[in-house]
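Working notes, beginning with the structure itself.
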Amino acid sequence: MYKREEKYGHTCVVALQNRSLSFNNVAQIPVVLLITQFPKDIGGHPGLLRFSEVVNFFHEFGHVMQHICNRASFARFSGLRVSLDFEEIPAQVFENWCYESLCLKLISGFHQDLTKPVNDEMCRSLKRWRYSFSALKLKQEILYSLFDQIIHSADDIDIAELYKHLHPKVMLGLPILEGTNPATCFPRCAIGYEAACYSRIWSEVFATDIFLSKFRDDLFNQNMGMMFRNKVLAPGGEGSY
């Protein structure tokens, strides 16, 4: 859970064992590892989480639930082994609770007095922050998606020049900083999302629809929660390919 020297430096989920059924119908229990980079208490000062870290934790915990709640019969279609168009949906659905006042007050507390949750104005500010520069952020995702499609569709591409060419066209004329090569800091196009970076935008459409239509008016509706588990999480890859 905590940062330490020589530890893998990203927050992520790693599947250790996928669910499957044996020939005699005995289920193999899914096991998953959640790696986080939470700060430790130092010198009597508590290790507090930034709000972005809270959102990231909810996102990755969505992947944990996606893995352990699936009921696929074959390991090939179990856990996180789903269509890339579907893979981020559960995680993006879970992020939504971070921006709702009722949920924020349940999970927050001043570190010297946990009975004092964040106030209403702070909740509203966090919700506004979510949509600040949202168009620019979407443009950036489109830029990544175009860059990803091109480098996986042709040979011998100068990625630095390609990125420099695409950036002002997609980002409404904004140039990249001279002497930098943002393409080298873009791991998704090389690790697991080759030619599928667009799927993060695509998944967000469905995640937003699920949350707004099923949970927005009743955040803790158990019937909707069970429906989400049975219809979205349980099928695993058997229902997404």
Side-chain angles (χ1 to χ4, degrees), residues 10-15 18-19 30-36 49-72 77-108 118 123-124 126-135 137-138 140-142 144-145 188 192-193 196-241:
H10 296 281
T11 298
C12 64
V13 168
V14 179
N18 284 6
R19 185 187 190 274
V31 181
V32 67
L33 173 66
L34 173 59
I35 301 173
T36 61
L49 298 181
R50 299 189 299 270
F51 181 67
S52 60
E53 292 174 315
V54 174
V55 175
N56 196 17
F57 177 73
F58 267 64
H59 179 97
E60 297 302 333
F61 191 76
H63 285 308
V64 171
M65 298 301 294
Q66 177 182 357
H67 183 82
I68 65 177
C69 290
N70 87 86
R71 292 295 179 265
F77 301 108
S78 179
L80 305 178
R81 294 181 175 180
V82 296
S83 166
L84 286 175
D85 284 3
F86 173 83
E87 186 170 355
E88 293 297 325
I89 291 177
Q92 289 175 334
V93 169
F94 271 78
E95 285 183 30
N96 286 282
W97 273 266
C98 295
Y99 299 95
E100 297 297 323
S101 297
L102 180 59
C103 185
L104 281 170
K105 291 182 179 182
L106 287 175
I107 65 175
S108 67
V118 294
C123 293
R124 288 191 290 268
L126 289 171
K127 199 159 191 174
R128 289 195 298 269
W129 171 82
R130 182 183 193 183
Y131 298 109
S132 63
F133 301 103
S134 57
K137 294 172 186 175
L138 179 58
Q140 188 174 46
E141 288 292 334
I142 293 172
Y144 289 157
S145 299
R188 272 185 280 152
Y193 279 89
C197 290
Y198 71 88
S199 64
R200 293 186 68 88
I201 307 174
W202 188 237
S203 296
E204 191 171 353
V205 173
F206 292 100
T208 301
D209 182 60
I210 290 171
F211 181 78
L212 293 180
S213 63
K214 304 299 181 184
F215 296 106
R216 182 175 61 176
D217 297 329
D218 189 352
L219 294 174
F220 306 115
N221 187 307
Q222 294 185 13
N223 292 329
M224 290 296 103
M226 188 57 68
M227 180 185 295
F228 179 72
R229 175 176 178 173
N230 292 334
K231 292 186 177 295
V232 179
L233 302 180
E238 292 179 349
S240 67
Y241 281 102

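Sequential numbering from 1 along the given sequence is applied to the chain's residues.
From L106, atom CG reaches atom CH2 of W97 across 13.0 Å, with rounding to the nearest 0.5 Å. The distance from the CG atom of L104 to the SG atom of C123 is 4.5 Å, given to the nearest 0.5 Å. We find the CD-OG1 distance between E60 and T36 to be 10.0 Å, quoted to the nearest 0.5 Å. Taking CG of N56 as the start and NE2 of H10 as the end, the distance is 11.0 Å to the nearest 0.5 Å. In this structure, F206 CZ and D85 CG are separated by 8.0 Å, a value rounded to the nearest 0.5 Å. To the nearest 0.5 Å, atom CD of residue E87 and atom CZ of residue R200 are 9.5 Å apart.
Heavy atoms of other residues, nucleotides or ligands lying less than 6.0 angstrom from NZ of K231 number 12 at most. Residue R128 places its CZ atom among more than 12 non-hydrogen atoms of other residues, nucleotides or ligands, all under 6.0 Å distant.
Between V64 and F61 there is a side-chain heavy-atom pair separated by less than 4.5 Å. Put simply, the side chain of R124 does not reach to within 4.5 Å of the side chain of S101, judged on heavy atoms. Looking only at side-chain heavy atoms (C-beta outward), H59 and F94 stay at 4.5 Å or farther from each other. Proximity of F58 to I107: side-chain heavy atoms (C-beta onward) are separated by under 4.5 Å at one or more points. With a 4.5 Å cut-off on side-chain heavy atoms, F215 and N96 do not count as touching. Counting heavy atoms from C-beta on, the side chains of F57 and C98 never come closer than 4.5 Å. When side chains are defined from C-beta on, R71 does not count as touching L233, because their heavy atoms never get closer than 4.5 Å. Counting only heavy atoms from C-beta outward, the side chains of V13 and H67 never approach each other to under 4.5 Å.
In this structure, E53 and L49 approach most closely via the heavy-atom pair OE1-CA, 3.4 Å. For V232 against F86, the heavy-atom pair with the smallest separation is O-CZ, 3.4 Å. Heavy atoms only, all atoms of each residue included: C69 and R229 are closest at SG-NE, 4.0 Å. Residue V118 comes nearest to S108 through the heavy atom pair N-OG, 3.1 Å, listed as atom of the first residue, atom of the second, then distance. Between Q92 and S203, the closest heavy-atom pair is OE1-C, 3.1 Å. When all heavy atoms of A15 and N18 are compared, the closest pair comes out as CB-OD1, 3.7 Å.
No donor-acceptor pair under 3.5 Å is formed between the side chain of R19 and the backbone N or O of P30.
Inspection of the H63 and Q66 side chains reveals an N or O donor paired with an N or O acceptor under 3.5 Å.
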Exercise for the section: Give the intermediate values and the outcome of side-chain contact (heavy atoms from CB on, under 4.5 Å) for residues M65 and F228. Expected result: CA-CA 11 Å; M65 298 301 294; F228 179 72; over 6 Å; no

Handout entry: Derivation of the side-chain contact (heavy atoms from CB on, under 4.5 Å) call for D218 and M224
Key = CA-CA 9 Å; D218 189 352; M224 290 296 103; over 6 Å; no

